[in-house]
*Asks:* 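Before anything else, here's the structure in question.
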Amino acid sequence: MTQWINNHPRIVLSFLILLSFCLADGYHVINFPPLSIHQWRQSDCFAYARNYFTKNDGLFRPSFYNLAVKEGRSISELPVFYYVAAKLFHLFGVHYWVLRGLTFLSYLLGLYYLFACIRFWIKDTLASLFPVILLATTPYFYYYALNFLPNVPAISFSFCGLYYMLLYERKAHIKHLIISTAFFILSVLIKPTDGGLILAAYLCVAGKDILFNKLNFKKFIPVLLSTVIIGILFLSWVKYVNWYNNSNENQLNLLGIYPIWDMTRKEIADTFTLRIAGFWARIYQDMSILYFILILLVVYIIKWKYLDNFLKFFTLFLLLGGLTYSVLWFKAFAILDYYQLINVIPPAFLIITITEYFIRTVSVNPRKSLMITGKFVMIVFIVVSLFHNRDMQHERYFDKGQTDQPKNLFTTEPYLRQIGIAPEDIVISIPDLSPNITLVAFGNPGYTSLFDVDSFTLCHFKNHGAKYLIINDTSYLHNKLYTPYMNKPVGHNDFIYVFDIR
């Protein structure tokens with residue numbers, strides 16, 4: 001059995017990922033609409049995909065449903081996933097599993113390439129699987145892997161880029177550098193921070209080696225040219241994003257940094273104590289594994305000079321990069337856990353670095369008990385992580401109070417079509433303090449109460465083409481702001497009341 005496992009490590013990896021998927025009810029979740037934590041951002045993503053499908057726009061002209069932005073035109077990351085999802089909609093129909101599935105396939109690809117990277121240093125099957133499975137079952141990483149957001153794909157493609165860069169370093173075949181460059185371009189344009197950390201750390205290691213004459217600068221020139229290409233494309237993309245959003249009067253997308261120095265001392269303390277160490281802690285990992293990682297950090301410091309030269313410096317620059325990022329975006333940590341996804345990378349490589357040291361040193365030790373003990377610890381933590389991830393996914397998707405809008409609201413679109421509301425009809429959705437959640441549920445462009453202030457009023461929306469008022473909370477039926485527009489009821493079901501305001 002042991003020999004079979006050693007000969008088929010990728011099959012074992014696939015089995016463990018499938019087990020994680022099944023334990024976490026992935027076969028149900030993959031069909032869910034935008035739901036649970038950060039439903040706002042999920043809905044924006046699905047709205048992009050569906051509008052590509054409906055409008056048949058080009059890749060660089062994305063839009064979502066909310067018309068407070070000119071024609072709904074909005075952009076931040078390279079919208080390639082939403083564009084591809086729209087093309088798949090033509091084949092399979094408009095289903096939530098299409099976009100969730102694309103994101104999950106990227107996650108799988110990244111895990112296999114991370115495993116391939118680890119095999120450059122660690123040949124032992126269990127030891128090489130250990131860091132991959134801990135990352136794969138990190139609850140908030142897994143949550144966004146089977147979701148609509150681009151962060152996990154960006155990280156995953158950076159693992160692919162790293163593998164081909166390491167291959168180029170070892171074999172000097174230009175095709176490997178070209179493939180690496182393509183993956184890094186994709187990862188950086190999808191999410192520059194999450195996708196760029198690994199490339200930045202690799203370049204820092206190379207720069208250190210050149211500085212201390214451990215690497216010939218001439219050999220580094222192709223990598224430098226690759227980096228320049230990536231940088232030019234990234235800057236070009238930023239310029240295009242700013243032009244696109246400004247020309248469409250869009251101020252919705254969170255662009256730029258959210259640094260710690262923009263916060264008060266109380267806000268900083270509350271983010272640390274109430275959010276990071278409190279509300280978010282369990283979604284990072286099981287507490288026993290978090291303490292284990294802290295122990296590995298101590299070992300990393302103490303055993304520094306005995307660690308693999310590349311891995312220890314690569315991990316160091318990842319840690320410094322993650323710390324720098326956290327300072328620059330710390331303000332977002334109070335409410336957005338997906339802004340923290342970049343911080344899954346440094347611990348993963350810390351585990352890889354110490355695992356490599358353990359296997360290398362223990363393998364020459366005549367006492368087999370050390371190896372047995374070490375592998376027993378790995379198996380225990382893999383099991384703990386699998387079941388902790390299961391519990392966290394169940395909590396996010398099936399516990400009450402984890403979502404802004406109920407899942408059943410996403411069943412109302414057929415009813416709207418039945419009562420004569422066409423997909424292109426502009427609606428006003430009340431209440432909805434997000435740009436797109438209820439509009440995605442209805443499948444209609446329009447406006448939400450997020451912008452029902454000052455000049456953005458129901459009268460304003462009506463004058464700009466709104467035909468129907470849709471209310472999804474009965475307490476609003478008696479609100480004096482909206483009652484003047486309720487003279488012509490069109491219909492209602494268990495979730496919505498519809499009024500013609502023309």
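Atoms considered below: every heavy atom in the structure, side chains included; atoms not considered: hydrogens, waters and symmetry mates.
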*Asks:* Is it the case that the side chain of Y27 and the backbone of F21 share a donor-acceptor pair, with hydrogens and angles ignored and the cut-off at 3.5 Å?
*Replies:*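 Not confirmed, Y27 side chain does not pair with F21 backbone.
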*Asks:* What distance do Y168 atom OH and I179 atom CD1 have between them, rounded to the nearest 0.5 Å?
*Replies:*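 Separation between the atoms: 13.0 Å.
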*Asks:* Under 3.5 Å, side chain of S180 to main-chain N/O of H176, donor-acceptor pair present?
*Replies:*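 Flag not set: sc S180 to bb H176 has no pair under 3.5 Å.
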*Asks:* What's the separation between atom CG in L149 and atom CZ in R100, rounded to the nearest 0.5 Å?
*Replies:*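 That separation rounds to 10.0 Å.
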*Asks:* Between atom CG of L319 and atom CD1 of I345, what is the distance when rounded to the nearest 0.5 Å?
*Replies:*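 Rounded to the nearest 0.5 Å, the CG-CD1 separation comes out at 11.5 Å.
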*Asks:* So, N66 versus N436: side-chain donor-acceptor pair below 3.5 Å or not?
*Replies:*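 No pair is found: no donor N or O on one side chain lies under 3.5 Å from an acceptor on the other.
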*Asks:* Just by distance, with hydrogens left out, do S106 and S156 show a side-chain donor and acceptor under 3.5 Å apart?
*Replies:*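 No, no side-chain donor-acceptor contact under 3.5 Å.
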*Asks:* Donor-acceptor pair, T361 side chain versus F358 backbone, under 3.5 Å?
*Replies:*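 Checked: pair present.
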*Asks:* Any luck finding a side-chain donor-acceptor pair between E169 and Y202 under 3.5 Å?
*Replies:*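 Yes.
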*Asks:* Is the ring pair F130/F292 parallel, tilted or perpendicular, if the boundaries are 30 and 60 degrees?
*Replies:*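 It falls in the perpendicular class, over 60°.
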*Asks:* Quick one: do K312 and D308 satisfy salt bridge (Lys or Arg N to Asp or Glu O under 4.0 Å)? Show the steps, please.
*Replies:* CA-CA 6 Å; K312 70 181 181 183; D308 177 86; over 6 Å; no
*Asks:* Between the main-chain N or O of S63 and the side-chain N or O of N51, is there a donor-acceptor pair closer than 3.5 Å?
*Replies:*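 Yes; at least one donor-acceptor contact below 3.5 Å.
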*Asks:* Give a yes or no answer on whether the side chain of W121 reaches the backbone of Y357 with a donor-acceptor pair at less than 3.5 Å.
*Replies:*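 No, because the side chain of W121 does not come within donor-acceptor range (under 3.5 Å) of the backbone of Y357.
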*Asks:* Under the side chain to side chain contact (heavy atoms under 4.5 Å, CB included) criterion, do S20 and Y142 qualify, and how do the steps go?
*Replies:* CA-CA 9 Å; S20 175; Y142 178 90; 4.0 Å; yes
*Asks:* Would you check if the side chain of R282 reaches a backbone N or O of P139 as a donor-acceptor pair within less than 3.5 Å?
*Replies:*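 Such a contact is absent between R282 side chain and P139 backbone.
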*Asks:* Would you confirm whether the ring centroid of Y397 sits within less than 6.0 angstrom of the ring centroid of Y143?
*Replies:*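 For Y143 and Y397, the ring centres are under 6.0 Å apart.
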*Asks:* Counting only N and O atoms by type, is there a donor-acceptor contact under 3.5 Å from the side chain of Y240 to the main-chain atoms of F60?
*Replies:*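 Indeed, once roles are kept as given, a pair shorter than 3.5 Å links the two residues.
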*Asks:* Any non-hydrogen side-chain atom of F81 less than 4.5 Å from a side-chain atom of L102?
*Replies:*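 In contact.
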*Asks:* Please check if any side-chain donor atom of N147 sits under 3.5 Å from a side-chain acceptor atom of T103, or the reverse.
*Replies:*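 Checked: N147/T103 side chains show no N/O donor-acceptor pair below 3.5 Å.
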*Asks:* Do S187 and S158 have side-chain atoms, one donor and one acceptor, less than 3.5 Å apart?
*Replies:*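 Absent: no donor and acceptor within the cut-off.
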*Asks:* Keeping Q39 on the side-chain end and P34 on the backbone end, is there a donor-acceptor pair under 3.5 Å?
*Replies:*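 Present.
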*Asks:* Measure the spacing between CG of L274 and OG1 of T271 and express it to the nearest 0.5 Å.
*Replies:*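 So the CG of L274 and the OG1 of T271 are separated by 8.0 Å.
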*Asks:* Using side chain to side chain contact (heavy atoms under 4.5 Å, CB included), reason through K375 and D124 one step at a time and then give a plain yes or no.
*Replies:* CA-CA 10 Å; K375 291 192 173 184; D124 182 272; 2.5 Å; yes
*Asks:* A side-chain contact here means heavy atoms from C-beta on lying under 4.5 Å apart; do V29 and L35 qualify?
*Replies:*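 No, their side chains stay 4.5 Å or more apart.
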*Asks:* Would you please classify the geometry between the Y325 ring and the W329 ring as parallel, tilted or perpendicular, with 30° and 60° separating the classes?
*Replies:*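 Taking Y325 first and then W329, their aromatic rings lie parallel (interplane angle under 30°).
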*Asks:* Can you tell me if N343 and S326 form a side-chain donor-acceptor pair at under 3.5 Å?
*Replies:*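 Looking only at side-chain atoms, S326 and N343 do form a donor-acceptor pair, the distance falling under 3.5 Å.
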*Asks:* Can you tell me how far CD1 of I351 sits from CD1 of I289, rounded to the nearest 0.5 angstrom?
*Replies:*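 Here the rounded value is 8.0 Å.
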*Asks:* Could you measure the distance from the CZ atom of F157 to the CD1 atom of I190? Nearest 0.5 Å is fine.
*Replies:*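 One gets 5.0 Å once the value is rounded to the nearest 0.5 Å.
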*Asks:* Would you kindly say whether N31 and H95 are connected by a side-chain donor-acceptor distance under 3.5 Å?
*Replies:*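 No, no side-chain donor-acceptor contact under 3.5 Å.
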*Asks:* Does either side chain, that of S74 or that of Y244, offer a donor lying less than 3.5 Å from an acceptor on the other one?
*Replies:*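 Checked: S74/Y244 side chains show no N/O donor-acceptor pair below 3.5 Å.
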*Asks:* For F64 together with Y48, are the ring centres under 6.0 Å from each other?
*Replies:*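 Yes, the ring of Y48 comes within the 6.0 Å limit of the ring of F64, centre to centre.
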*Asks:* Take the angle between the ring planes of Y284 and Y140 and call it parallel below 30°, perpendicular above 60°, tilted in between.
*Replies:*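 Perpendicular: the ring planes of Y284 and Y140 meet at over 60°.
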*Asks:* Is a donor from one side chain sitting under 3.5 angstrom from an acceptor on the other, for Y164 and Y113?
*Replies:*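 Side-chain D/A pair, Y164 to Y113: present.
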*Asks:* Keeping the roles fixed (side chain from Q393, backbone from R390), state whether a donor-acceptor pair exists under 3.5 Å.
*Replies:*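 Not a single qualifying donor-acceptor pair exists.
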*Asks:* On the 0 to 90° scale, with breaks at 30° and 60°, tag the F349-F314 ring pair as parallel, tilted or perpendicular.
*Replies:*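 Plane angle over 60°, so perpendicular.
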*Asks:* Is it the case that atom NZ in K175 sees more than 12 heavy atoms from other parts of the structure closer than 6.0 Å?
*Replies:*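 Counting other residues, nucleotides and ligands, NZ of K175 stays at 12 neighbours or fewer.
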*Asks:* Where the side chain of Q340 meets the backbone of F330, is there a donor-acceptor pair that is under 3.5 Å apart?
*Replies:*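 Not a single qualifying donor-acceptor pair exists.
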*Asks:* Check for me whether the distance between the ring centres of W97 and F32 falls short of 6.0 Å.
*Replies:*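 Between W97 and F32, the centre distance exceeds or equals 6.0 Å.
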*Asks:* So, S128 versus R119: side-chain donor-acceptor pair below 3.5 Å or not?
*Replies:*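 Distance-only check passes for S128 and R119.
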*Asks:* Side chains of D432 and T438: donor-acceptor distance under 3.5 Å anywhere?
*Replies:*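 Yes, side-chain donor-acceptor contact under 3.5 Å.
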*Asks:* Heavy-atom distance under 4.5 Å between the side chains of T264 and E267, does that happen here?
*Replies:*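 Sidechains of E267 and T264: in contact.
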*Asks:* More than 12 heavy atoms of other residues, nucleotides or ligands under 6.0 Å from NZ of K208: is that the case?
*Replies:*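 For K208, atom NZ is crowded (more than 12 foreign heavy atoms under 6.0 Å).
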*Asks:* Is the F46 ring parallel, tilted or perpendicular to the F89 ring (thresholds 30°, 60°)?
*Replies:*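 Plane angle between 30° and 60°, so tilted.
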*Asks:* Answer with yes or no whether the side chains of Y82 and E77 bring together a donor and an acceptor at under 3.5 Å.
*Replies:*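 Yes - a donor-acceptor pair under 3.5 Å links their side chains.
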*Asks:* Counting heavy atoms not belonging to R170, are there more than 12 under 6.0 Å from its CZ?
*Replies:*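 More than 12 within 6.0 Å, yes.
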*Asks:* Over 60° means perpendicular and under 30° means parallel, so classify the ring planes of Y52 and Y83, tilted if in between.
*Replies:*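 Answer is perpendicular, since the angle exceeds 60°.
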